[in-house]
Every structure is written in C-alpha cells, then in structure tokens.
Amino acid sequence: ECRDALVLASVAGQEFSPALLERAAESGAAAFADGLHEARAQRLVVVESRDSARFVHDLVREIVYEDLRPGVRARLHRRIALAIEATQAAQLEPPLSALAYHFGRAVLGGDLAKAIRYAGFAGDRALGALAFEEAAEHYDSVLGLLESMLPLDGLAQCRAELSAARAHFLCGR
C-alpha cells in the first residue's frame with residue numbers, strides 16, 4: 001500500500017492533494033490513505049492537510065517516478081486527470097494547467113483530444129492573464145500533440161500555429 005501510494009503521488013508531482021489521489025487510486029481511498037500514512041511514518045512525505053501534501057525531497061519523487069514503465073505512467077496520469085476533471089465542475093476556475101499536463105502525459109491511454117483541448121484552454125487562460133511564456137508553452141504543447149493526430153486536422157493545426165505565434169510574439173520572440 002505504501003509503494004502504491006508513493007507511485008501515484010509521484011505521478012501527481014512534488015506537491016499533491018491526498019483527497020484528489022484517494023479518488024484516483026486504483027486500490028481505493030482507504031488503501032491509499034493507509035499507504036500514505038505509512039509513507040508519512042517512514043518520513044518520505046509530509047501531509048499538511050487533506051488537500052496538501054508533499055514529498056520530503058524531490059529526489060524521492062524522481063526515483064519512484066523514473067522507475068515506472070511508460071505505459072504505467074500514462075495510465076496513472078490519466079487516472080489523475082480524470083479525478084481532477086470529475087472535481088472541476090464545482091470550481092469557478094478549473095485547474096486547466098493541471099488537466100493539460102496530466103492528459104498530455106496520458107496520450108498513450110487514448111485521451112489525445114482531451115489533451116489538446118485542455119492545453120488550448122490553458123494557453124487561452126494564460127494569454128488572458130498576460131502570462132505569455134506559459135501561454136506559449138501550452139500552445140507549443142498543442143502543436144506537438146496535433147502532430148501525432150491522424151488524420152491531420154489542418155484547421156486545428158492552423159489555429160494552434162496562430163495562437164503559438166501570437167504568444168511567442170508577445171514574449172518578444
């Protein structure tokens with residue numbers, strides 16, 4: 001249980017929400033909570049609240065994450081993305097960057113369209129917030145994801161290229 005909790009948390013990132021990961025855990029909420037409790041007792045993670053926890057050191061997270069096979073990583077990113085998506089309805093500002101990140105890492109699981117959509121939405125939000133560098137990164141991600149799409153969607157490709165060009169221009173590139 002401890003290993004399973006650490007694996008799922010490593011996919012979530014250096015900082016994570018235990019409540020969210022309970023929803024994403026394949027073994028169930030109780031088993032994840034027990035595993036996280038053991039990881040805390042072993043001083044591998046610090047749990048600050050139900051919504052806030054972190055690895056004691058990024059090296060711990062990196063070791064656990066790097067040990068995962070690509071297919072396992074993609075499956076877990078997808079589970080986390082779906083858990084975020086399920087909880088976003090109640091939020092005024094859904095975590096578009098997190099959704100774009102996790103669905104983008106889950107493309108092996110077949111969620112390419114969601115990865116593209118959320119990366120585009122995250123780019124639009126960042127552009128609206130004058131976060132031009134972040135917007136450019138999201139639009140570049142859209143372009144990369146569109147390249148793996150068959151058949152190619154020329155209109156979506158054109159829109160993404162224009163959005164990326166605008167963001168890069170606003171960054172001074």
Test side-chain contact (heavy atoms from CB on, under 4.5 Å) on R50 and E22 and set out the steps. CA-CA 10 Å; R50 181 143 168 72; E22 284 178 3; 3.0 Å; yes
Close side-chain approach of D51 to P18, heavy-atom, < 4.5 Å: no
Check: L143 main-chain N/O paired with Q157 side-chain donor or acceptor under 3.5 Å: no
Just checking R40: does its CZ atom have more than 12 heavy atoms from other residues, nucleotides or ligands closer to it than 6.0 angstrom? no
Just wondering, are more than 12 heavy atoms of other shown residues or ligands nearer than 6.0 Å to CZ in R173? yes
Considering non-hydrogen atoms only, spot the tightest contact between S10 and L68 and give its length. OG-CD1, 4.2 Å
Heavy atoms, side chains only, cut-off 4.5 Å: are R54 and V45 in contact? no
Validation row: F16, S52 side chains within 4.5 angstrom (heavy atoms): no
Does any N or O in the side chain of D111 come within less than 3.5 Å of the main-chain N or O of K114, such that one atom is a donor and the other an acceptor? no
Return yes when atom NE2 of H168 has more than 12 non-hydrogen atoms of other residues, nucleotides or ligands closer than 6.0 Å, and no otherwise. yes
Less than 4.5 Å apart, side chain to side chain, heavy atoms only: is that true for L8 and F32? yes
In terms of side-chain geometry, is the basic nitrogen of R75 or E26 positioned less than 4.0 Å from the acidic oxygen of its partner? yes
Polar side chain donor-acceptor pair, E134 to S97, under 3.5 angstrom: yes
State whether Y65 and R73 meet the cation-pi test: NZ (Lys) or CZ (Arg) under 6.0 Å from the six-membered ring centroid, and within 45° of the perpendicular axis. yes
Is L44 linked to L76 within one hydrophobic cluster, defined over Ile, Leu, Val, Met, Phe, Trp and Tyr using a side-chain heavy-atom separation of less than 4.5 Å? yes
According to a hydrophobic-cluster definition based on side-chain heavy atoms being under 4.5 Å apart (Ile, Leu, Val, Met, Phe, Trp, Tyr only), do I84 and I116 belong together? no
Kindly check if the number of other-residue, nucleotide or ligand heavy atoms within 6.0 Å of CZ (R125) is above 12? yes
Common cluster, L21/V60, ILVMFWY with side-chain heavy-atom separation under 4.5 Å: yes
Quick check on the 6.0 Å ring-centre criterion: do H77 and Y101 meet it? yes
Any idea which heavy atoms bring A126 and A135 closest together, and the distance? CB-N, 3.6 Å
Does a side-chain heavy-atom distance below 4.5 Å link F121 with V142? no
Rounded to the nearest 0.5 Å, what separation is found between the CD atom of E62 and the CG atom of L59? 6.0 Å
Determine, for R3 against D67, whether the closest basic-nitrogen to carboxylate-oxygen distance falls under 4.0 angstrom. yes
Atom pair CG (D153) and CZ (R159), whose distance is rounded to the nearest 0.5 Å: 8.5 Å
Quick one: closest heavy-atom pair of G35 and A5, and the distance? C-CB, 3.7 Å
Donor-acceptor pair, R79 side chain versus A24 backbone, under 3.5 Å? yes
Ignoring hydrogens and geometry beyond distance, is a side-chain donor-acceptor pair present between Y118 and E85 at under 3.5 Å? yes
Looking at side-chain heavy atoms only, is the closest gap between L6 and L36 below 4.5 Å? no
With the side chain counted from C-beta on, respond yes when R105 and R78 share a heavy-atom pair under 4.5 Å apart, and no when they do not. no
Are V46 and L20 co-members of a hydrophobic cluster defined by side-chain heavy atoms under 4.5 Å apart? yes
Heavy-atom distance under 4.5 Å between the side chains of F103 and L82, does that happen here? yes
How far apart are the C-alpha atoms of L96 and H138, what are their side-chain angles, what is the distance that settles it, and do they pass the side-chain contact (heavy atoms from CB on, under 4.5 Å) test? CA-CA 10 Å; L96 295 174; H138 286 300; over 6 Å; no
Main-chain N/O of A160 paired with S163 side-chain donor or acceptor, under 3.5 Å: no
Heavy-atom closest contact (A81 atom, H102 atom, distance): CB-CB, 3.7 Å
Does the gap between the ring centers of F132 and F169 come in under 6.0 Å? no
Do Y139 and L162 share a hydrophobic cluster, counting only Ile, Leu, Val, Met, Phe, Trp and Tyr and linking them when any side-chain heavy atoms are less than 4.5 Å apart? no
Please find the pair of heavy atoms, one from S141 and one from A119, that lie closest to each other, and give the distance. OG-CB, 4.3 Å
May I ask you to decide if L145's main-chain N or O and S148's side chain share a donor-acceptor pair within less than 3.5 Å? yes
What heavy-atom pair brings Q88 and P95 nearest, and what distance separates the two atoms? CB-CD, 4.4 Å
